[in-house]
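Here is the structure we will look at.
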2 protein chains.
Amino acid sequence: MRYKAGYKEGKRRELLSVSGKVAKRDGFAATGVDTLMKAAGATSGAFYSHFPSKSDLFKALIQNELTASRTLLAGAPEENLRDWIAGEMNRYLSLGHVRHPELGCALPSLAAEIGRSPPDVRRVFEAELLETQRILAERLGGDGKAWALLSQMAGAILIARALSEETTQVALLDACKAFLTEALTGKNGSPPERTIG
Amino acid sequence: MRYKAGYKEGKRRELLSVSGKVAKRDGFAATGVDTLMKAAGATSGAFYSHFPSKSDLFKALIQNELTASRTLLAGAPEENLRDWIAGEMNRYLSLGHVRHPELGCALPSLAAEIGRSPPDVRRVFEAELLETQRILAERLGGDGKAWALLSQMAGAILIARALSEETTQVALLDACKAFLTEALTGKNGSPPERTIG
DNA sequence: GTCTATAGGCTGATAGAC
DNA sequence: GTCTATCAGCCTATAGAC
């Protein structure tokens, strides 16, 4: 064979990673196959030897992105609960996350498009998100707290990105940090950092 | 003149209303001008006598949608705070809202697209949202509570729509209702209704 | 003010050379 | 496995008839 064994698998991984970044930044439907492939250093013709259709890429990409986010979230489990919550809050509800969707969570970037996608896409999304929710619920000590935390964090980044002024973005982020910290750990929790611009 | 005075203004309002619905359901960028106009009983040629460009329609549509949502939210101010919060929660965090984006709030449907739009679009969004946040903050007695409530409610509908199973959607909605009710009114608030499918 | 027709560019996907 | 070339269809926006 003209290509090494394992080449295709590595290239597929690269396609997933690169097109995930572009999709989170510019939207999945709004970005053409040719553009996605150009970002990975190839052409649209090559794409179809890796995925049967653009929609199949979307499913694989969702799985890849949510798994990566979950790994990030599941890290640092040794600390106590309050410190872990404060740390995750400062990481997720940051201006850096608002400014760099390509490096961030898929929920604020792609959830609206997933909601408009066929059931097979949404099933992949649900399976992956439920796994994240399960881990969160275990740490927080409650299923409901996990859903609430996920919803508010994703919603905060979603709205902050749509805002025009950085001062307003910071006000929203800091408000959500304070609200969630108090609701999840009680008034005595160590206060979250102020967002640094 | 062959058309009545005031006709154009009325038609413009109809265009805003109809294209708002379609955009919230199918996405704004994903829907062509011709499709938007067909939904309003006209053709793409006529569109450009009402709006200079599709992007200008987006700005007008955002203004129209957020103003309508704010009017809905600002209603029923006579009750006490806890009843009002419970009522708004049951209205916004409902399966009907999940299932019918065309009739619902623009935030879960369009915020991601607004975030990818040029500054002039985001400025319109920010001005309108700040007015809603101001009213909410007054009622809740705190700027931060308003941002947190907006973020979690929008995030909850955003994520619920991307889920596949109705039981999971209901679990998420009920969790957010309970979480927000407790965080905003304390444990003694009357419990929110369970979501009815 | 609305219509049809059109321009130029983008899209997802396929065919065949290498 | 990747390339170029191509198809049919959609997009935003404009021109000219009525």
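The figures that follow rest on heavy atoms only: side chains count, while hydrogens, waters and symmetry mates do not. Order of the sequence lines fixes the chain letters, A, B, ..., with proteins taken first and strands second; residue numbering starts at 1 for each chain.
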Rounding to an integer number of Å, can you tell me how far A:Asp26 CG sits from C:dT11 P? 11 Å
C:dG12, C:dC3, C:dG1: which one has an atom nearest the side-chain heavy atoms of B:Ala42? C:dC3
Which of A:Glu102, A:Glu65, A:Glu113 passes salt bridge (charged side-chain N to carboxylate O under 4.0 Å, His left out) with A:Lys24? Answer is A:Glu65
Find the distance B:Asp34:CG to C:dT11:C1' and express it as a whole number of Å. 17 Å
Length of the CG-C1' vector between A:Leu36 and C:dT11, whole Å: 12 Å
Check the side chains of A:Thr195 and A:Lys177 for a donor-acceptor pair under 3.5 angstrom, ignoring hydrogens and angles. yes
Quick check on B:Lys21: does its NZ atom have over 12 non-hydrogen neighbours (other residues, nucleotides or ligands) under 6.0 Å away? no
Using a cut-off of 4.0 Å on non-hydrogen atoms, how would the nucleic acid contact of A:Gly32 be classed: base, sugar-phosphate, or nothing? sugar-phosphate
In terms of side-chain heavy atoms of B:Ser44, which of C:dA5, C:dA13, C:dT2 is nearest? C:dA5
B:Phe51 has an atom CZ; how far is it from atom P of D:dT14, in whole Å? 15 Å
Using atom OH of B:Tyr48 as one end and atom C1' of C:dG1 as the other, report the distance to the nearest whole Å. 16 Å
The side chain of A:Thr43 lies closest to which of these nucleotides: C:dG1, D:dC3, D:dA13? D:dC3
Rounded to whole Å, please give me the gap between NZ in B:Lys38 and P in D:dT12. 13 Å
Heavy atoms under 4.0 Å, any strand shown: does B:Ser55 hit a base, just sugar-phosphate, or nothing? nothing
Taking C:dC3, D:dA13, D:dT2 as options, the one with an atom nearest any side-chain atom of A:Ser49 is D:dT2
Take atom CD of A:Glu14 and atom C1' of D:dT2, then tell me their distance rounded to the nearest Å. 14 Å
Between A:Arg161 and A:Ser109, do the side chains contain an N or O donor and an N or O acceptor separated by less than 3.5 Å? yes
Gap between atoms CZ and C1', on B:Phe47 and C:dT4 respectively (whole Å): 18 Å
Kindly write out the residues that satisfy side chain to side chain donor-acceptor pair (under 3.5 Å) with A:Glu126, not counting sequence neighbours, or none if the list is empty. B:Thr168
Output the single nucleotide from D:dG1, D:dC11, D:dT12 whose closest atom is nearest the side chain of A:His50. D:dG1
With respect to the side chain of B:Ala46, which nucleotide from D:dT14, C:dT2, D:dT2 is positioned closest? C:dT2
With a cut-off of less than 4.0 Å, is there a side-chain N or O of A:Tyr7 near OP1 or OP2 of D:dT2? yes
